[in-house]
Each structure stands twice: as structure tokens, then as C-alpha cells.
Undergrad: 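One structure coming up, written as C-alpha cells, with questions to follow.
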Protein chains: 2
Amino acid sequence: MKSPNPQRRSLVEELSRRGVRLTGQRKILAETIQSAEGHLDAASLLELARKRDKGINRATVYRTLELLKELRLIDELDLMHLNGEKHFYEAKTTVDHVHLACFQCGRIEEYTSPLFERLKAEIERAKQFHIRLVRLEIGGRCSRCCAKAQSCAECAEEECCKAAPVKPPAA
Amino acid sequence: MKSPNPQRRSLVEELSRRGVRLTGQRKILAETIQSAEGHLDAASLLELARKRDKGINRATVYRTLELLKELRLIDELDLMHLNGEKHFYEAKTTVDHVHLACFQCGRIEEYTSPLFERLKAEIERAKQFHIRLVRLEIGGRCSRCCAKAQSCAECAEEECCKAAPVKPPAA
DNA sequence: TTTCCAGTTGCGAATACGTCGCAACTAAGT
DNA sequence: ACTTAGTTGCGACGTATTCGCAACTGGAAA
Ligand SMILES: [Mn+2]
Ligand SMILES: [Mn+2]
Ligand SMILES: [Zn+2]
Ligand SMILES: [Zn+2]
């Protein structure tokens with residue numbers, strides 16, 4: 001579940017570079033997001049941040065997430081609302097990635113593709129739309145859960161998910 | 001803001017075809033969603049449905065949305081949470097479409113592309129992931145708002161959105 | 001260094017959105 | 001018509017997020 005691409009600068013560096021006031025809370029929150037292995041929701045972020053500063057408040061977490069979103073240093077995700085309506089956050093990576101959420105086991109996978117980049121470029125051209133951020137989220141059944149399923153009874157009026165052979169992405 | 005592709009059957013037809021109990025409320029809600037010009041949130045759907053049956057309850061709206069989602073007759077959208085955390089709903093179309101939300105004017109545009117279809121196919125193959133539903137949402141500035149902007153001062157450390165010439169999508 | 005203040009924080013109450021349990025109701029099969 | 005499993009209305013509840021305001025503080029200026 002780790003990001004497929006490294007960030008150029010740390011979130012904290014990026015904040016000071018942009019003249020944002022660097023409070024203790026912001027440093028802790030930014031570093032916590034950056035070093036998290038997965039995708040954090042606001043509550044988990046608060047919990048982790050409190051290990052470093054017991055006093056950090058929930059409102060500050062939300063305000064900081066808003067700030068980082070605005071500055072496009074983090075992305076906000078739904079992850080298919082597999083469990084409640086909360087949102088998840090991750091430090092932006094150098095190249096956008098797709099999120100795949102398995103409805104059966106809840107695992108989240110990530111995927112990048114030149115085809116995704118081409119699609120974005122096409123949209124900008126065709127619609128003359130200036131893209132600021134992109135979210136491609138997919139729900140379904142992961143390979144592991146597909147393999148476990150004996151038949152495709154769960155697939156409901158649809159061709160089996162085990163049919164396709166593995167093949168490397170072609171741009 | 002209307003769907004770019006027609007549905008094969010009406011939602012109500014689809015419900016009875018699948019042996020779902022057809023209550024008055026479900027008929028009204030399904031028809032309301034289908035005939036809506038835009039993307040409805042739960043509150044708007046309730047309001048519209050109440051024009052036909054004053055008694056319809058909020059809980060029924062949420063339960064029906066859940067049902068229609070499960071049956072994959074509607075899609076759920078965030079539309080970039082331009083205004084609150086609510087979700088939006090629309091009848092599924094024959095081919096998936098991208099949603100483009102303008103942060104400046106709030107307009108929602110839709111877009112389909114063979115490239116999008118190719119990307120989905122690639123993901124299914126490469127990750128052996130059985131896709132059940134897809135949500136590609138993009139936030140940025142629409143062509144109208146790009147045209148209105150004198151300079152790209154708002155674009156913030158980024159190339160201007162007016163640079164690219166119009167070109168038809170190439171699959 | 002010390003001063004200063006715009007910007008930030010903690011707090012608790014408020015809001016927004018969605019969910020639940022349960023008794024009353026109804027679609028649809030017999 | 002009878003029956004009953006599934007559905008609804010209702011109001012209370014839960015969870016995620018926001019807000020107003022007084023106290024605090026980063027960092028620029030003196
Ligand atoms: Mn990710
Ligand atoms: Mn959402
Ligand atoms: Zn799985
Ligand atoms: Zn616009």
C-alpha cells in the first residue's frame with residue numbers, strides 16, 4: 001500500500017518553501033502523513049499525531065488537511081467508502097495513481113499507467129479543461145479474492161474475473 | 001449535465017426484472033433519479049420525490065439509494081465535494097463517463113473516451129482485478145472559466161490552461 | 001533580544017450527512 | 001381474501017466535519 005513514487009521534497013520542506021507558517025502541529029501532522037505506510041483517515045492521523053503531541057486537537061487535523069489539500073501536497077480519497085463515509089489522505093506522489101479497492105477483503109491496491117497519463121492529456125485538450133487534481137477509484141474483487149472464489153456465482157450476471165491472462169501494461 | 005448515453009431499460013423495469021419488490025416509494029424514487037437532468041444528492045432526491053408522495057421518508061431514500069447502488073443501477077459520485085460532503089447519484093449509463101468539476105464556477109461536465117475503456121481493460125488484465133465499478137473524477141478549471149481568466153495567476157506555479165489547442169480525442 | 005500581531009490553536013458546541021430499531025404497513029404469492 | 005416476508009415511517013442515534021472565539025505563538029521587525 002506504499003506510494004509507488006517518491007516525493008521530491010518532504011511536506012514540511014514544501015510548506016516552508018511556500019511561506020506557510022510552520023507550527024509544531026503542522027510539522028507533526030505533515031511528517032505523520034508522509035511516513036504513514038497506508039492511507040490515513042482523519043481519526044487515525046489524529047491518533048498517530050498524538051503520540052508525539054498529546055495536545056493536538058481534532059479541529060487542527062481537519063484544518064491542516066484542508067491546507068495541505070489546497071496546496072496540493074496531499075490527495076483525498078474515498079476508497080469506495082468500504083467502511084463508513086470517512087475520507088483518506090496520502091502525500092501526493094510524482095505521478096498520479098489509481099486506487100483499487102476490493103469489496104470482499106477490503107485491501108487497497110495502487111496502479112500507475114502511461115495510459116492514465118494519456119487519458120488526462122486527452123481530456124485537457126478535448127475539453128479545454130485545466131486539470132488541478134484527479135481521482136480514479138475502482139471497486140471490485142482483487143486477484144486474491146478472485147482466485148479464492150470457486151465459481152463466479154458472486155459475479156452476478158457477468159463473465160468470470162479469472163478469464164483474463166496476466167499481461168504487462170501497454171501504453 | 002445530462003448523461004451522455006441512454007440507459008437500455010428504465011430503472012423500474014430493471015427492478016422488476018430482477019425480482020425486487022416494487023413499492024410505490026421505489027417507483028417514485030427510481031423515476032425521479034432517471035428523469036433528473038443533473039446529479040442529485042439525497043436531500044434533493046427526497047425533495048423531488050415528495051412532490052409525488054408527501055409521505056416519503058429520508059430513511060427510505062437512503063435505503064433505496066443503497067439498493068440501487070448494490071444492483072448497479074446507479075452510480076455514486078463525490079463531484080469533488082465542491083459544497084459539503086454529500087454524495088450525488090445518477091442512473092448508470094451504457095458506457096462509463098468521467099466527471100469534470102470546475103472549482104471556480106461549480107459546473108459539472110461529462111466525458112467519455114475509448115482511452116478510458118482501454119485503461120480499465122488494462123487494469124483488469126495487469127492486476128487481475130475484477131472491476132465492479134469505476135469513478136474517475138477530475139477537479140480543475142473549465143474552459144469557460146479559463147477563458148475568463150486574464151492571466152494564469154490563479155494557476156499557481158503551473159503552465160497556463162489556455163495553451164493547448166482543441167483537438168478531437170484519439171483512441 | 002524583545003516586542004508585536006496576524007495567523008493558528010484548543011475547546012466545546014453546532015452542523016451535516018447518514019444509519020438504526022422497531023412497530024405498522026403492503027406487495028405479491030397462494 | 002389470507003398470509004407473510006420484506007418494506008416503510010418515525011425519531012433517536014452515530015459519525016464525520018465545521019465553527020466561533022479567546023488564548024497562544026511563529027517569525028518578522030525593531
Ligand atoms: Mn495511494
Ligand atoms: Mn466521499
Ligand atoms: Zn480481495
Ligand atoms: Zn468553470
Side-chain angles (χ1 to χ4, degrees), chain A residues 11-33 39-50 52-71 74 76-89, chain B residues 11-33 39-50 52-71 74 76-89:
Chain A
L11 292 183
V12 174
E13 275 169 351
E14 211 36 59
L15 285 174
S16 76
R17 206 178 67 85
R18 304 206 199 174
V20 171
R21 190 151 149 187
L22 264 187
T23 67
Q25 293 90 330
R26 284 179 179 165
K27 272 184 220 152
I28 290 175
L29 289 169
E31 286 166 6
T32 303
I33 291 170
H39 302 98
L40 293 176
D41 59 29
S44 313
L45 173 57
L46 174 60
E47 193 180 11
L48 284 174
R50 276 188 164 153
R52 288 230 258 148
D53 174 351
K54 252 188 256 303
I56 289 188
N57 190 271
R58 191 158 36 93
T60 301
V61 169
Y62 282 108
R63 289 190 281 234
T64 302
L65 286 172
E66 199 52 43
L67 174 74
L68 294 172
K69 260 198 291 179
E70 215 98 342
L71 294 172
I74 60 171
E76 184 179 60
L77 308 168
D78 274 36
L79 300 185
M80 287 298 154
H81 291 305
L82 288 180
N83 188 228
E85 301 288 293
K86 56 185 152 252
H87 291 120
F88 296 86
Y89 302 88
Chain B
L11 292 182
V12 174
E13 276 169 350
E14 209 38 57
L15 284 174
S16 75
R17 206 177 66 84
R18 303 207 199 174
V20 172
R21 190 151 150 187
L22 263 188
T23 66
Q25 293 90 330
R26 283 179 180 165
K27 272 183 218 151
I28 291 176
L29 290 168
E31 286 165 7
T32 302
I33 291 170
H39 302 97
L40 294 176
D41 59 28
S44 314
L45 173 56
L46 174 59
E47 193 180 10
L48 285 174
R50 275 187 165 154
R52 289 229 259 148
D53 174 351
K54 252 188 254 304
I56 289 187
N57 190 271
R58 189 161 40 97
T60 302
V61 169
Y62 282 109
R63 287 190 284 232
T64 302
L65 286 172
E66 198 53 42
L67 174 73
L68 293 171
K69 260 196 291 178
E70 214 98 344
L71 294 171
I74 61 172
E76 184 180 60
L77 309 167
D78 273 35
L79 300 184
M80 285 300 154
H81 291 306
L82 289 180
N83 188 229
E85 301 289 294
K86 56 185 151 255
H87 291 120
F88 296 87
Y89 303 89

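Throughout, protein chains are lettered first and strands after them, A, B, ... in sequence-line order, and every chain is numbered starting at 1. Values below: all heavy atoms of this structure, side chains included; hydrogens, waters and symmetry mates excluded. These numbers come from a predicted model, not from an experiment.
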Undergrad: Assign each of V20(A) and N57(A) to its nearest nucleotide of DNA chain D by heavy atoms, then name whichever residue's nucleotide is nearer the 5' end.
TA: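 By nearest-heavy-atom nucleotide position, the 5'-most residue is N57(A).
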Undergrad: What is the nucleic acid contact for G55(A), judged by heavy atoms within less than 4.0 Å: base, sugar-phosphate only, or nothing?
TA: sugar-phosphate
Undergrad: Among the nucleotides dT8(C), dT7(D), dT17(D), which one has an atom lying closest to any side-chain atom of T23(B)?
TA: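 That would be dT7(D).
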Undergrad: dC11(C) P sits how many Å from I56(A) CD1, rounded?
TA: 11 Å
Undergrad: I want to check something: taking the side chain as every heavy atom from C-beta on, are T64(B) and T23(B) in contact at a cut-off of under 4.5 Å?
TA: no
Undergrad: Assert yes or no for the condition that the ring centre distance of H39(B) to H87(B) is strictly below 6.0 Å.
TA: no
Undergrad: Write down the distance between CD1 (I28(A)) and P (dT25(D)), rounded to a whole number of angstrom.
TA: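 Interatomic distance, CD1 of I28(A) to P of dT25(D): 13 Å.
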Undergrad: Which pair of non-hydrogen atoms, one from I56(B) and one from A49(B), has the smallest distance, and what is that distance?
TA: CD1-CB, 4.0 Å
Undergrad: Starting from P on dG14(D), measure out to NE2 on H81(A) and report it in whole angstrom.
TA: 21 Å
Undergrad: Please state whether the base of dT26(C) and the side chain of R21(B) form at least one donor-acceptor pair under 3.5 Å?
TA: yes
Undergrad: Provide, to the nearest angstrom, the distance between the CG atom belonging to L46(A) and the C1' atom belonging to dA16(D).
TA: 13 Å
Undergrad: When the distance from NE2 of H87(A) to P of dT15(D) is rounded to whole Å, what number comes out?
TA: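 From H87(A) NE2 to dT15(D) P: 17 Å.
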Undergrad: Nearest whole angstrom, please: distance from the P of dT7(D) to the CG of L29(B).
TA: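 L29(B) atom CG is separated from dT7(D) atom P by 14 Å.
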Undergrad: Work out which heavy atom in I28(B) is nearest to a heavy atom in T32(B); give both atom names and the distance.
TA: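 Closest pair (atom of I28(B), atom of T32(B), distance): O-OG1, 2.6 Å.
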Undergrad: Atom CD of E76(B) to atom P of dG18(C): distance rounded to whole Å?
TA: 8 Å
Undergrad: Find which nucleotide of DNA chain C each of N83(B) and R50(A) is nearest to by heavy atoms, and output the residue with the more 5' nucleotide.
TA: R50(A)
Undergrad: Taking DNA chain D as the partner, which of residues 58-69 of chain A come within under 4.0 angstrom of it by heavy atom?
TA: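 Here the set is R58(A), A59(A), Y62(A), R63(A).
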Undergrad: Between the side chains of S44(B) and D41(B), is a donor N or O closer than 3.5 angstrom to an acceptor N or O?
TA: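 Yes, D41(B) and S44(B) have a side-chain donor paired with an acceptor closer than 3.5 Å.
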Undergrad: Less than 4.0 angstrom from a charged side-chain N to a carboxylate O is my criterion; do E14(B) and R18(B) meet it?
TA: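 The answer is yes: the pair qualifies as a salt bridge.
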Undergrad: Is any NZ, NE, NH1 or NH2 atom of the basic residue among K69(B) and E66(B) found under 4.0 Å from an Asp or Glu carboxylate oxygen of the other?
TA: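 Salt bridge present between K69(B) and E66(B).
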Undergrad: What's the NZ-C1' distance between K86(A) and dA16(C), to the nearest Å?
TA: 17 Å
Undergrad: So, is Q25(B) near the phosphate of dG9(D), with a side-chain N or O under 4.0 Å from OP1 or OP2?
TA: yes
